[in-house]
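All residue numbers refer to positions in the sequence shown, counting from 1.
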Amino acid sequence: MQPTTLNALRDQHAYSSLQSNAATFASLATNAPRIRNARCPRDHSVPWPLGPSATPADSETQPPPPTATTANTGATRRRRRAAAAAAASATRPPPTMAPQQTGSRKRKASEVEQGAGTSSLPGRAAAAAGMGQADGPLLLAKRPRRPVARRSLVHYLKGRALGADGQTGLAGFEGDLRSYGVLRLPELLREHQLTLGPLNKVFASQWLNARQVVCGTKCNTLFVVDVQTGQITRIPLMRDRGPGQTRAQPTCGIHAIQLNPSKTLLATGGENPNSLAVYQLPTLDPVCLGDRQGHRDWIFAIAWMSDTVAVSGSRDGTVALWRVDPDMFNGSIPWHNNSGIPRYSHIRPRDMEAIPRATTNPGNRKVRALAFSGRNQELGAVSLDGYFHLWKARSSLSRLLSLRLPYCRENVCLTYCDELSLFAVGSQSHVSFLDPRQRQQNIKPLCSREGGTGVRSLSFYQHIITVGTGHGSLLFYDIRAQKFLEERASASPDSFLGRTGRKLKLTCGRGWLNQDELWVNYFGGTEEFPNALYTHCYNWPEMKLFVGGGPLPSGLHGNYAGLWS
């Protein structure tokens, strides 16, 4: 065959092969959305991927491109690429390539599609129609990234201070922290004695503010002591108006001091300890005196029911309910006369109830202590005949029940715990717990074991009860664990060592004692005489404890006052 004829045949065969490959690439571009995730080999001489009508069997019968020289082969490839690009640009829709899914997102794609709501179906169909395929793969929206939870101490304390979502934050944590502080505070307290001069036996005390405590003594003195400087300021006592009023003995003293819930009024005894005196706070101006048709013997206990209603218990075996007119301390009634001498109102009780006579000791019905339950509006009273009485306190007093105490000797103090709805009664050597809602008491009494000197003062805070004894010591009892707090094995307060098994006891100092003729004749051989702790009161915001008392024998003259902080 002549060369010209061979070249003409070669050009004709190359042209027909180029047309076939152009048609194949046009078909490939048309079906690109369906097969866009398939991987193509880099050898473009083989028509792969296949067209819509091609099958793997057809690919085996497809004629291979003719063999050509290197120059002709390069030119042929360039022409193929140019023709394929022209055909693809004419028939290809706008590119809408989906992101490649790998890893866990690829495995969760089917789950997301199945779990999508019906509201997303129209959007999905429209997307498929826009791509030209109704059954093609769908585009998945990228899941929003969740914010990283912050667990640092800074954010923890910030949440505690501000609260989460406008609510009180970390109440459980604060409660646990407060309980831990209550348990650890007693062993951290250190004593600082206060000098009171020749005053005799501190019977009652209450905090007025962060640095002042008001006290009442056996020598019938009402005074305010500054715990930082030790300065003492005496408060004048109110006098009865009628000369025919029953006068009390001058040595009976002030046994009770109580502040109303808003700390705007203070109730205590007057110059005549049978009368109820009310002062205004913080100025301690006199407001009124309950000396008309009131008690006929010393007032031993006082409890406030509200800001204007108080109850007093007396040695005459009666309980009196008093109401203070708000106009008396709001400035509506002048309390100075023309000479500038303070004047005050004289009031009478709204109601008086007598302690029922007990068959065991009917002559000893003296009311020794009172405690009020604000939650139940009930008033508890302890009488020296060994009974606990419960009254419903409204506009008048109505007795609900009377219970015989398990330990009925020297029942001189009573306190109430709001959180546990529990009364605690102190006797000669025990503290009994009473729940009026239950006939059978589940909390066993605790024994102070302080030589029979008696429990002289009690106070509740959360689940810890503080016991002031007649032997000059403070004990701390955990109601939940039903045991006394114990000393630590190490003297360091920051130590985390175990307990020693010994009862935690704070022993107060010697105070002041008048070594008069009575002391020389009867107690001269005693070098150290412990003080009975008749009163104690906490200032929890400042983590301070005030303790007051004096010698236990009634004939001895002395005092003790200490600040534990």
Consider only side-chain N and O atoms of Thr469 and Ser473, and report whether a donor and an acceptor are under 3.5 Å apart. yes

Judged by atom type as modelled, is there a donor-acceptor pair below 3.5 Å linking the side chain of Asn260 to the main-chain atoms of Leu265? yes

Tell me if the centroids of the rings in Phe423 and Phe388 come within less than 6.0 Å of each other. yes

Of all pairs that satisfy ring pair (Phe, Tyr, Trp, His ring centres under 6.0 Å), the ones with a partner from residues 543-565, not counting sequence neighbours: Trp512-His557

Should the ring pair Phe433 and Phe460 be called parallel, tilted or perpendicular, given that the plane angle runs from 0 to 90° and is split at 30 and 60? tilted

Could you label the plane-to-plane angle of the Phe203 and His255 rings as parallel, tilted or perpendicular, counting under 30° as parallel and over 60° as perpendicular? parallel

Is there side-chain contact between Pro261 and Asp307, with heavy atoms separated by less than 4.5 Å? yes

Evaluate the side-chain proximity of Asn411 to Ser427: yes if any heavy-atom separation is below 4.5 Å, no if none is. yes

Side-chain donor-acceptor pair present, Tyr416, Ser373, cut-off under 3.5 Å: yes

Non-hydrogen side-chain atoms of Arg239 and Tyr344 separated by less than 4.5 Å: yes

Step by step, work out the side-chain contact (heavy atoms from CB on, under 4.5 Å) result for Tyr407 and Ser429. CA-CA 8 Å; Tyr407 301 95; Ser429 58; 5.7 Å; no

Asn539 vs Val213, test: side-chain contact (heavy atoms from CB on, under 4.5 Å). Steps then yes/no. CA-CA 10 Å; Asn539 179 2; Val213 180; over 6 Å; no

Applying salt bridge (charged side-chain N to carboxylate O under 4.0 Å, His left out) to Asp385 and Arg365, what does each step give before you reach the verdict? CA-CA 6 Å; Asp385 58 356; Arg365 297 177 298 146; over 6 Å; no

Side-chain touch Trp391/Val311, heavy atoms, less than 4.5 angstrom: no

Do Asn274 and His295 have side-chain N/O donor and acceptor atoms under 3.5 Å apart? no

Modelled atom types, side-chain donor and acceptor of Ser565 and His192, under 3.5 Å: no

Taking only Lys NZ, Arg NE, NH1 and NH2, and the carboxylate oxygens of Asp or Glu, determine whether Glu410 and Arg456 approach each other closer than 4.0 Å. yes

